[in-house]
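Computed from a prediction, not measured in an experiment: that's the story for all the values here. Along the sequence shown, the residues carry numbers beginning at 1.
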Amino acid sequence: MSARTFTKVSPMVWRSPRFIKLPDEAKVGYLYLLTNAHVTSAGVYELPRGYACADLGWAEAGYDSVLKELSGVGLIDHDPDTEVILIERWFKHNPPTNDDHALGTRRRIEAISSDHLREKALASFEEENEVRIQREAAARAARAARASGTAKSISETIGNTSRLMGTRLMQGNR
């Protein structure tokens, strides 16, 4: 079980066409899978069917039906043999925030018993972690440029001929 005391759920879930079209029971199931006590920073975790059914007050057949429906619309993937759940696009909303977080998340992914879901989660993680690394490198370079006095002005960045540079705001006339 996870030691997390909270998890982020994007309010955009309520605008997702895949989510909106779901029946109420499947919506509850999805929100449960996003927020239950077994969720980890990796978005892929083992969730014994009995625990989920007890938490939700559902029969196993109803739980299995919801998993199938959520998988069918691409919100989750699951491995019924290992009882592993993978939240699709987890790292789009919950990317690693620093090197330590990334290291811990990688360890959690590598411990997953389902080969297929471990590989899928690792590929998604690597993609988003690379974005984080590039973003941090760009921020360090910008800080270093500002510190050395070589930072570009706005006009150098976007060009003097840009329509934006012709606006009152950019010319200093508010």
Side-chain angles (χ1 to χ4, degrees), residues 1-58 62-143:
M1 195 148 67
S2 173
R4 293 169 67 105
T5 56
F6 75 96
T7 191
K8 295 189 298 186
V9 177
S10 172
M12 294 304 293
V13 72
W14 298 104
R15 293 188 179 172
S16 163
R18 290 176 296 153
F19 182 79
I20 291 170
K21 292 177 185 175
L22 291 170
D24 289 347
E25 189 173 64
K27 288 176 183 172
V28 169
Y30 183 61
L31 292 174
Y32 171 77
L33 294 176
L34 287 174
T35 61
N36 72 77
H38 296 270
V39 175
T40 69
S41 61
V44 59
Y45 56 93
E46 294 179 18
L47 178 61
R49 158 183 287 109
Y51 285 7
C53 291
D55 286 347
L56 292 164
W58 292 355
Y63 176 70
D64 291 341
S65 173
V66 165
L67 289 182
K68 184 177 180 181
E69 189 156 16
L70 294 173
S71 184
V73 298
L75 291 172
I76 68 160
D77 197 350
H78 76 287
D79 182 339
D81 296 330
T82 59
E83 297 188 314
V84 172
I85 303 289
L86 177 137
I87 307 296
E88 297 284 4
R89 297 172 205 59
W90 175 265
F91 293 111
K92 296 284 184 197
H93 302 285
N94 299 284
T97 56
N98 57 51
D99 289 339
D100 289 339
H101 184 201
L103 182 62
T105 299
R106 178 186 299 283
R107 285 185 186 142
R108 288 191 181 276
I109 293 170
E110 290 171 350
I112 292 300
S113 58
S114 169
D115 294 338
H116 165 69
L117 296 182
R118 181 180 346 98
E119 290 169 13
K120 190 173 183 178
L122 195 54
S124 176
F125 166 78
E126 292 293 350
E127 183 180 324
E128 290 301 321
N129 195 42
E130 184 59 32
V131 169
R132 175 192 65 86
I133 290 167
Q134 290 175 5
R135 185 176 53 244
E136 288 175 357
R140 279 193 303 276
R143 283 193 301 273

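- Considering all non-hydrogen atoms of both residues, Glu88 and Lys120 come closest at OE2-NZ, 2.7 Å.
- A heavy-atom distance below 4.5 Å is found between the side chains of His101 and Asn98.
- No hydrogens or angles considered: nothing links the side chains of Asn36 and Tyr51 as a donor-acceptor pair under 3.5 Å.
- Nearest heavy-atom pair, Lys27 versus Leu22, reported as atom, atom and distance to 0.1 Å: CE-O, 3.3 Å.
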Full working for side chain to side chain contact (heavy atoms under 4.5 Å, CB included) between Leu122 and Glu126 = CA-CA 6 Å; Leu122 195 54; Glu126 292 293 350; 4.0 Å; yes

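- With values rounded to the nearest 0.5 angstrom, Asn94 atom CG is found 5.0 Å from Lys8 atom NZ.
- What you find for Arg118 and Ser113 is that their closest heavy atoms are NH2-O, 3.9 Å.
- Classified by interplanar angle (parallel below 30°, tilted 30° to 60°, perpendicular above 60°), the ring pair Tyr30/Phe19 is tilted.
- Heavy atoms only, all atoms of each residue included: His78 and Ile85 are closest at CB-CD1, 3.8 Å.
- Put simply, the side chain of Trp90 never gets that close to the backbone of Leu34: no donor and acceptor are under 3.5 Å apart.
- Going from atom CD of Glu130 over to atom CZ of Phe125 covers 10.5 Å, rounded to the nearest 0.5 Å.
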task = Could you walk me through whether Lys92 and Glu127 pass the salt bridge (Lys or Arg N to Asp or Glu O under 4.0 Å) test, one step at a time?
result = CA-CA 10 Å; Lys92 296 284 184 197; Glu127 183 180 324; 3.7 Å; yes

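- Of all heavy-atom pairs between Ile112 and Val44, the closest is CD1-O, 3.6 Å.
- Of all the heavy atoms in Val39 and Thr35, the pair that sits closest is CG2-N, 4.0 Å.
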request  = Begin from the C-alpha positions of Val66 and Tyr32 and carry the test side chain to side chain contact (heavy atoms under 4.5 Å, CB included) through to its verdict.
outcome  = CA-CA 11 Å; Val66 165; Tyr32 171 77; over 6 Å; no

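- Between Arg89 atom CZ and Ser10 atom OG the span is 12.5 Å, to the nearest 0.5 Å.
- Between Trp58 and Tyr63, the angle of the ring planes lies from 30° to 60°, which puts this pair in the tilted group.
- Of the inter-residue distances, the one linking Ser114 atom OG with Leu86 atom CG reads 9.0 Å to the nearest 0.5 angstrom.
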request  = List the steps and the verdict of side chain to side chain contact (heavy atoms under 4.5 Å, CB included) for Leu75 and Leu33.
outcome  = CA-CA 10 Å; Leu75 291 172; Leu33 294 176; over 6 Å; no

message = Does Asp99 form a salt bridge (Lys or Arg N to Asp or Glu O under 4.0 Å) with Arg132? I'd like the steps, not just the answer.
response = CA-CA 9 Å; Asp99 289 339; Arg132 175 192 65 86; 3.0 Å; yes

Evaluation steps, side chain to side chain contact (heavy atoms under 4.5 Å, CB included), between Asp77 and His116 = CA-CA 10 Å; Asp77 197 350; His116 165 69; 3.2 Å; yes

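- With rounding to the nearest 0.5 angstrom, the CG atom of Asn129 is 10.5 Å from the CD atom of Gln134.
- A donor-acceptor contact shorter than 3.5 Å links the side chain of Arg18 to the backbone of Gly74.
- Summarising the geometry, atom OG1 belonging to Thr105 is positioned 11.0 Å from atom CD belonging to Glu110; distances are rounded to the nearest 0.5 Å.
- No donor-acceptor pair under 3.5 Å is formed between the side chain of Ser71 and the backbone N or O of Leu67.
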